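Structure first, commentary second.
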Amino acid sequence: IPNWVAWQLTPERITGKVVRSDNFQPDPDIKNGPTANDSDYRRSGYSRGHMCPAADNKHSQKAMEESFYFSNICPQLQSLNGGDWNDLEEKCRKWAKRYQCIYIVCGPIINSKKPKTIGANKITVPEAFFKVIMRHSNKETKAVGFIFPHKKQNRDIWDYAVTVDEVEEITGINFFSKLPKNEERKAESTYNLQDWN
């Protein structure tokens with residue numbers, strides 16, 4: 001599974017004509033060691049959960065096909081994959097249309113030293129998932145984070161909202177580090193629902 005996946009989302013990427021491929025396959029760039037395949041997921045109780053959604057890649061046949069590489073996929077309960085996680089994906093597409101460009105990083109959270117695995121290739125099942133979103137313009141930079149526990153739930157997406165700093169503390173990843181330091185500190189240390197509603 002990926003450590004994280006990052007992409008820029010614009011209106012063009014979600015309004016293109018490329019249709020969903022549904023052709024899950026190993027990433028050809030991963031050369032050493034085993035990689036996930038369809039048989040790992042069969043009868044596992046988990047769906048093949050996209051980190052970067054297929055619907056965010058309608059602008060390019062190549063991008064659409066690559067979104068189905070297992071390097072972009074994590075075992076995910078279908079109730080989360082098709083539920084609250086999907087709700088945030090749809091919200092991100094609305095924000096991309098409204099703000100013309102947003103930056104997204106998401107991935108798994110694994111705290112256990114012996115996490116649950118599925119399949120012959122022992123694919124790690126995350127305990128939670130994170131997503132951080134940033135919009136940047138000459139006038140302002142706004143960011144928000146989300147932590148989704150990996151369990152069945154049906155809540156408003158804002159119930160999962162946290163600061164980007166909180167996601168950094170949990171994951172050990174430094175997001176948006178190319179921003180000027182003062183701008184990065186301000187954007188990552190707080191969030192306001194009014195900035196996104």
Side-chain angles (χ1 to χ4, degrees), residues 1-109 118-119 121 123-126 128-136 143-146 148 150 157 160 167 171 173 175-176 178 196:
I1 63 173
N3 292 322
W4 51 266
V5 177
W7 66 104
Q8 180 184 32
L9 191 57
T10 63
E12 295 74 31
R13 290 176 180 253
I14 54 182
T15 56
K17 304 293 185 201
V18 177
V19 295
R20 184 181 168 102
S21 76
D22 278 311
N23 181 21
F24 291 89
Q25 56 187 310
D27 187 330
D29 288 338
I30 298 176
K31 306 291 186 201
N32 14 341
T35 182
N37 60 52
D38 269 337
S39 65
D40 292 310
Y41 284 82
R42 276 191 210 110
R43 295 181 295 284
S44 69
Y46 293 92
S47 65
R48 297 163 296 187
H50 281 76
M51 295 298 95
C52 177
D56 288 6
N57 291 284
K58 293 181 177 178
H59 65 295
S60 156
Q61 187 66 46
K62 187 172 190 291
M64 177 63 74
E65 290 168 3
E66 290 178 347
S67 78
F68 285 87
Y69 287 170
F70 280 107
S71 55
N72 182 48
I73 305 296
C74 289
Q76 210 169 41
L77 291 169
Q78 183 54 36
S79 57
L80 179 60
N81 188 13
D84 295 353
W85 185 255
N86 181 65
D87 292 346
L88 182 54
E89 290 174 342
E90 290 179 3
K91 184 69 86 172
C92 286
R93 288 189 276 277
K94 288 179 183 173
W95 289 332
K97 288 178 182 176
R98 181 185 304 167
Y99 302 117
Q100 296 304 299
C101 177
I102 61 173
Y103 298 88
I104 305 170
V105 187
C106 77
I109 296 172
I118 59 168
N121 290 306
I123 309 308
T124 301
V125 177
F129 295 90
F130 73 86
K131 186 168 280 191
V132 294
I133 301 147
M134 186 259 290
R135 60 184 172 91
H136 175 70
V144 61
F146 295 87
F148 287 79
H150 196 184
I157 62 164
Y160 305 100
V167 180
T171 63
I173 301 170
F175 303 104
F176 313 132
K178 298 292 184 187
W196 298 92

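Keep in mind that what you see is a predicted model, and the values were worked out from it rather than measured.
The main-chain N or O of Cys52 is found under 3.5 Å from a side-chain atom of Asn72 such that the two form a donor-acceptor pair. In terms of modelled atom types and a separation under 3.5 Å, the side chain of His59 and the main chain of Glu12 share no donor-acceptor contact.
A distance of 7.5 Å separates CD1 of Ile157 from CG of Asp87, quoted to the nearest 0.5 Å. Taken from OG in Ser79 to CD in Gln76, the straight-line distance is 9.0 Å, to the nearest 0.5 Å. Atom NE2 of His150 sits about 8.5 Å away from atom CG of Asn81, to the nearest 0.5 Å. Atom OH of Tyr99 and atom CE of Met134 lie 14.0 Å apart (nearest 0.5 Å).
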Practice prompt. Please step through side-chain contact (heavy atoms from CB on, under 4.5 Å) for the pair Val18 and Asn57, ending with a clear verdict.
Written response: CA-CA 8 Å; Val18 177; Asn57 291 284; over 6 Å; no
Practice prompt. Verify side-chain contact (heavy atoms from CB on, under 4.5 Å) between Arg135 and Trp196, making sure each step is shown before the conclusion.
Written response: CA-CA 10 Å; Arg135 60 184 172 91; Trp196 298 92; 3.8 Å; yes
Worksheet entry | side-chain contact (heavy atoms from CB on, under 4.5 Å) evaluation trace for Phe129 with Ile109 | CA-CA 5 Å; Phe129 295 90; Ile109 296 172; 6.0 Å; no
Practice prompt. Begin with the C-alpha distance, continue with both residues' side-chain angles, and end with the deciding distance and a verdict on side-chain contact (heavy atoms from CB on, under 4.5 Å) for Glu90 and Asn86.
Written response: CA-CA 6 Å; Glu90 290 179 3; Asn86 181 65; 3.1 Å; yes
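Between Cys92 and Ile133, the shortest heavy-atom distance links the atoms SG-CD1, 3.6 Å. The minimum heavy-atom distance linking Leu88 with Phe148 is given by the pair CD2-CE1, 3.6 Å. Ile73 and Ser67 get closest at one heavy-atom pair: CD1-O, 3.9 Å. The minimum heavy-atom distance between Val105 and Phe175, with the atom names listed, is CG1-CE2, 3.6 Å. The shortest non-hydrogen separation linking Ile14 to Ala96 is CD1-CB, 4.3 Å. Contact between Ile118 and Val125 at its shortest, heavy atoms only, is CG2-CG2, 3.8 Å.
Remark: Asp38 pairs with Arg48 by the salt bridge (charged side-chain N to carboxylate O under 4.0 Å, His left out) rule, at least two apart or across chains. Gln100 is linked by a side chain to side chain donor-acceptor pair (under 3.5 Å) to nothing, counting only residues two or more places apart in sequence or in another chain.
With contacts defined as side-chain heavy-atom distances shorter than 4.5 Å, the pair Asn121/Thr35 does not qualify. Between Pro75 and Ile1 the shortest side-chain heavy-atom distance falls below 4.5 Å. Put simply, the side chain of Cys74 does not reach to within 4.5 Å of the side chain of Tyr46, judged on heavy atoms.
Phe70 and Tyr41 have their aromatic ring centers within a separation under 6.0 angstrom.
Annotation: cation-pi pair Lys131/Trp85 present, NZ/CZ under 6.0 Å from the ring centroid and within 45° of its normal.
Just one residue in the list Met64, Arg13, Lys17 forms a side chain to side chain contact (heavy atoms under 4.5 Å, CB included) with Lys58, and that residue is Met64. Checked options Arg93, Lys97, Glu89; the residue passing with Leu9 is Arg93 (criterion: side chain to side chain contact (heavy atoms under 4.5 Å, CB included)).
For residues 19-28, the pairs satisfying side-chain hydrogen bond (donor to acceptor under 3.5 Å, both in side chains) are Arg20-Asp22, Asp27-Ser71, with sequence neighbours left out.
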